[in-house]
A.B. asks: 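Let me give you the structure first, and then I'll get to my questions.
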Amino acid sequence: MAKTTEELRQLWRAFQCKEHEMVLMRFGPDKIRVAGPTTDAWDALAAVVLAHGYDIRTQDTDSFNCREITNGSGPSLHSFGIALDINWKTNPYIDHTGKRKVRFSNKPTQEARARDVTMGLADTDMTPEMIADVEAIRTNDGVKVFAWGGGFETVKDCMHFELDLSPEELVVGIDPSTVKGWSALEISTEAIDTDLDVGPTPFDGSRRELSEESYTVIARSGLRLRSSASTTADVIRILPSGTSLVVLSRDGPWAMVDLEGDEQADGFVFFSYLRRAESDTSSGLLSMESLSGARDDALNVATLELVAKMFPVTPRSNINANLPFVLAGLRSAALTDINMLLMALSTIRAETEGFRPISEGRSRFNTRVTEFDLYEGRRDLGNIRPGDGPRFRGRGYVQLTGRDNYTHIGGILGMNLVADPELANEPSVAGRILAQFLKIKERRIRDALSARNFARARRAVNGGVHGLDRFVDAFQRGERVLGVLA
């Protein structure tokens, strides 16, 4: 049963008008800004639209917009990053009298159908077949994903597509078998790579601006003031704890600061080690007493409350049940510092946002005809025997994949994962697998993180940048609540 607008507002209220919770992604020829957990759903919509040969115009297609609903009261679903308007010039909002069904044009081309809309003979230049395929998209649990504004009875809003499910229902992933054109969709990571902070970039003042506010340095051993927003930039000086300053603007985890009160920038510091001059210690960050110990052993301060801030749509019960196994695995591999803790948690967010070990589902990345046939015969994965593809599909928190990885990691852990691959989904085993996989890649990961190159850190684990938007979002959230000394 379709959810009401008010129900969707409540389900997605954590994202309302929070632009920093949005990610920029490809949508056909366009780029759209949507709530972070929803990217796979919009990929599915794009797959269907493009499979039907429907041309998307960038000039009248839009997504996130903090505004009121059209001809109504209350915030639009665009304010939550869960709605998208496509080609509104030829799919106009129509407030008609009475109730009626949408009027489709029977013309063979999009251009001809658009003329019918202009002449008042149709409500949309989209086809009923395309809309049927959009409405057929389901999650892996069989939940319908999209509602279409052309299906409204009292008005027609044919440009409008909105998510019709909760974050918890979406987190299980999209069932690719329900998505027409899914296997043919090529998702570019250009928008993610260029929009997010995947490496040191010159600060150009274009990031989120703050009203100038006074802050105090709370780093016990002092805070490095750097010449640019990068851990590789020159250190101008060390600011002692208690130093007062003004934050001029933000660039991800960095703050441009003024030390003299003359509205001129003096350098850059990590924002996590500042506290508003008038505030108390209830900001949600760790105390400096905790941070000083966390430099060497962060696992003791990785509480449910703090880790949950890195997983905004994940049920807390999942985190509570699985976090002890993740921390135990990291400790067994001697990966106890903040950077490797954040790497592990951000990897889980990118791979299995539900914070529980799972088996990889079918997708365009692994299946062409039969399940996981794209993994068959992959010598780079060690899949040399028939059936290795589905047998050694991704499992666990880190999605361990391929015969070679099951053999190698199983040998390190002293267990036969090749004989019983499902062991990789046992939480205690999955925690150790995650830690050992990170341990093997430790040098590459640390080098990438020291350079603030999140894409390279992600590739060390994934081999690509799939889930990079979630990875970066989780890591930066973690920096804010767990802290990283610059």
Side-chain angles (χ1 to χ4, degrees), residues 23-34 37-58 60-63 82-87 90-91 102 104-114 124-151 158-165 169-170 172-192 360-375 389 464-469:
V23 297
L24 190 68
M25 64 173 289
R26 285 286 187 187
F27 187 80
D30 203 2
K31 294 178 182 179
I32 61 174
R33 193 173 295 276
V34 295
T38 68
T39 54
D40 285 349
W42 301 113
D43 280 340
L45 177 61
V48 171
V49 171
L50 297 174
H52 281 270
Y54 186 82
D55 292 329
I56 300 166
R57 297 187 298 269
T58 60
D60 56 335
T61 295
D62 202 10
S63 48
I82 62 169
L84 174 67
D85 288 343
I86 300 176
N87 293 2
T90 52
N91 296 283
V102 66
F104 287 103
S105 168
N106 62 2
K107 297 297 192 298
T109 67
Q110 185 173 341
E111 183 180 6
R113 294 192 297 270
T124 178
D125 66 351
M126 300 175 185
T127 66
E129 293 79 13
M130 186 181 90
I131 297 304
D133 283 337
V134 170
E135 294 181 331
I137 298 171
R138 297 289 188 275
T139 70
N140 284 314
D141 284 345
V143 178
K144 183 180 177 181
V145 176
F146 285 104
W148 178 53
C158 297
M159 70 182 85
H160 183 81
F161 295 85
E162 65 187 40
L163 295 183
D164 191 28
L165 73 177
E169 289 171 320
L170 183 58
V172 301
I174 302 296
D175 179 358
S177 68
T178 67
V179 183
K180 183 179 179 65
W182 186 256
S183 60
L185 181 67
E186 296 180 0
I187 301 175
S188 168
T189 61
E190 178 185 347
I192 294 174
E360 182 179 6
R362 288 180 50 171
S363 76
R364 62 189 176 282
F365 301 110
N366 57 44
T367 298
R368 179 180 293 115
V369 180
T370 61
E371 285 193 341
F372 302 96
D373 57 0
L374 293 180
Y375 288 167
V465 290
H466 180 65
L468 178 63
D469 54 343

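Because the structure is predicted, anything quoted here is derived from the model rather than measured. We number each residue from 1, following the sequence as shown.
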A.B. asks: Measure across A46 and G28 and return the closest heavy-atom pair with its distance rounded to 0.1 Å.
C.D. replies: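 Closest heavy-atom pair between A46 and G28: CB-N, 4.4 Å.
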A.B. asks: To the nearest 0.5 Å, what is the distance between CG (L374) and CG (N366)?
C.D. replies: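 Result: 6.5 Å between the selected atoms.
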A.B. asks: Considering non-hydrogen atoms only, spot the tightest contact between S63 and I32 and give its length.
C.D. replies: OG-CB, 3.4 Å
A.B. asks: Do you know which two heavy atoms are closest between G150 and V102, and how far apart they sit?
C.D. replies: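 Nearest heavy atoms, G150 then V102: O-CB, 3.3 Å.
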A.B. asks: Enter the distance from D164:CG to L170:CG here, rounded to the nearest 0.5 Å.
C.D. replies: 11.5 Å
A.B. asks: Could you check whether any side-chain N or O of D40 sits under 3.5 Å from a backbone N or O of G173, counting only pairs where one atom can act as donor and the other as acceptor?
C.D. replies: no
A.B. asks: Quick test of your reading: applying side-chain hydrogen bond (donor to acceptor under 3.5 Å, both in side chains), list the pairs with at least one residue in residues 126-149, sequence neighbours left out, ordered by first then second residue.
C.D. replies: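 Residue pairs with at least one partner in residues 126-149: H52-D133.
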A.B. asks: Pick from V145, I174, V134: which one makes a side chain to side chain contact (heavy atoms under 4.5 Å, CB included) with V179?
C.D. replies: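 In the set V145, I174, V134, the residue that makes a side chain to side chain contact (heavy atoms under 4.5 Å, CB included) with V179 is I174.
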A.B. asks: Just by modelled atom types, is the A112 backbone N or O under 3.5 Å from a matching donor or acceptor in the T109 side chain?
C.D. replies: yes
A.B. asks: Minimum heavy-atom separation for D125 to A114, with atom names?
C.D. replies: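 Closest pair (atom of D125, atom of A114, distance): CB-N, 3.7 Å.
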A.B. asks: Kindly give the heavy-atom pair with the smallest separation between F372 and R362, and that separation in Å.
C.D. replies: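 Closest pair (atom of F372, atom of R362, distance): CZ-N, 4.3 Å.
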A.B. asks: Checking T61 side chain against N87 main chain: does a donor-acceptor pair fall under 3.5 Å?
C.D. replies: yes
A.B. asks: How many angstroms lie between CG in L45 and CG in L50, if you round to the nearest 0.5 Å?
C.D. replies: 9.0 Å
A.B. asks: Let me confirm one number: the CD1-CZ distance from I56 to F27, rounded to the nearest 0.5 Å.
C.D. replies: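 Answer for the CD1-CZ pair, I56 versus F27, is 4.5 Å.
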A.B. asks: What distance do D60 atom CG and M159 atom CE have between them, rounded to the nearest 0.5 Å?
C.D. replies: 9.0 Å
A.B. asks: Which pair of heavy atoms, one from G53 and one from Q110, lies closest together, and at what distance?
C.D. replies: O-OE1, 4.2 Å
A.B. asks: For the atom pair CZ (F161) and CZ (F146), what is the distance rounded to the nearest 0.5 Å?
C.D. replies: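 It comes to 8.5 Å.
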A.B. asks: Apply side-chain contact (heavy atoms from CB on, under 4.5 Å) to residues Y54 and V48 and explain how you reach the verdict.
C.D. replies: CA-CA 9 Å; Y54 186 82; V48 171; over 6 Å; no
A.B. asks: Treating E169 as the side-chain partner and V143 as the backbone partner, does any N or O pair qualify as donor plus acceptor under 3.5 Å?
C.D. replies: no
